[in-house]
Amino acid sequence: MDSAEFHAAVYEKVRLIPPGKVTSYGHIAKLIGMPNHSRHVGQGADVNPPLPWQRVIGSSGTISDRGPGTNGAQRQREELEAEGVEVTVGRTGEFRVDLRVYGWFPNSVDDVQPDDHPNSGDEE
DNA sequence: TCCGTGACGATAC
DNA sequence: CGTATCGCCACGG
């Protein structure tokens, strides 16, 4: 698979993420059949069109910080909250989403159905 | 070719 | 929750 195909595959998955939900880079990588390319998923972020990357965060529910001076993470937080996603802020200023509530991790995009509730019966 | 680096992941402590 | 280590792979120097 070429890098172009890779990015295209990532694009298809990311655009399927429903509003009010978030997933992780690793899961996107798994969906496209490359579970070890988690880092490349994010790496292609700047070469892809304006995808809803705000819904793609780390496996721990943390939003990556692009470094000081960048308001990207802050913007993502606002975008997510606008969609109804509760974003918390740690003492070190990191943004965090509760994956137990807002996580979107279907076994495959083929498993995603309009009438389905992939997150039903959660909580623990 | 090797090395450093990176919107990552998982495990160990 | 924090740091440390290893694994993964593409890119540039």
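What you are looking at is a predicted structure, and each value in this text was computed from that prediction instead of being measured.
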Could you state the interatomic distance from [atom1] ([X]) to [atom2] ([Y]), rounded to the nearest 0.5 Å?
| X | Y | atom1 | atom2 | value |
| --- | --- | --- | --- | --- |
| A:K13 | A:H27 | NZ | NE2 | 10.0 Å |
| A:E12 | A:L31 | CD | CG | 11.5 Å |
| A:I28 | A:R55 | CD1 | CZ | 11.0 Å |
| A:F95 | A:E78 | CZ | CD | 8.5 Å |

Which protein N or O atoms sit under 3.5 Å from an N or O of nucleotides 10-13 of chain C?
unit_1, atom_1, unit_2, atom_2, d
C:dA10, O4', A:H40, NE2, 3.2

Can you tell me the distance, in whole Å, between the [atom1] atom of [X] and the [atom2] atom of [N]?
| X | N | atom1 | atom2 | value |
| --- | --- | --- | --- | --- |
| A:E94 | C:dT3 | CD | P | 10 Å |
| A:I63 | B:dC8 | CD1 | C1' | 15 Å |
| A:W53 | B:dG6 | CH2 | C1' | 14 Å |
| A:D98 | C:dC1 | CG | C1' | 15 Å |
| A:Q54 | B:dA7 | CD | C1' | 13 Å |
| A:I17 | B:dA7 | CD1 | C1' | 13 Å |

Dump every N/O contact between nucleotides 9-13 of chain B and the protein below 3.5 Å, one line per pair.
unit_1, atom_1, unit_2, atom_2, d
B:dG9, OP1, A:G26, N, 3.3
B:dG9, OP1, A:S59, N, 3.2
B:dG9, OP2, A:S59, N, 2.9
B:dG9, OP2, A:S59, OG, 3.3
B:dA10, OP2, A:S59, OG, 3.3

Problem - Contact check, side chains of A:V101 and A:V85, non-hydrogen atoms, under 4.5 Å - result: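 In short, these two side chains do not touch, never coming nearer than 4.5 Å.
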
Exercise for the section: Find out whether A:V41 and A:F6 are in side-chain contact, i.e. whether some heavy atom of one side chain is under 4.5 Å from a heavy atom of the other. Expected result: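 With C-beta onward as the side chain, the pair touches.
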
Exercise for the section: Could you tell me whether the side chain of A:T88 and the main chain of A:R96 form a donor-acceptor pair under 3.5 Å? Expected result: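 Judged by distance alone, yes, a pair lies under 3.5 Å.
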
Problem - Test side chain to side chain donor-acceptor pair (under 3.5 Å) applied to A:N36 - qualifying residues, sequence neighbours left out - result: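 Listed in chain order: nothing, the list is empty.
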
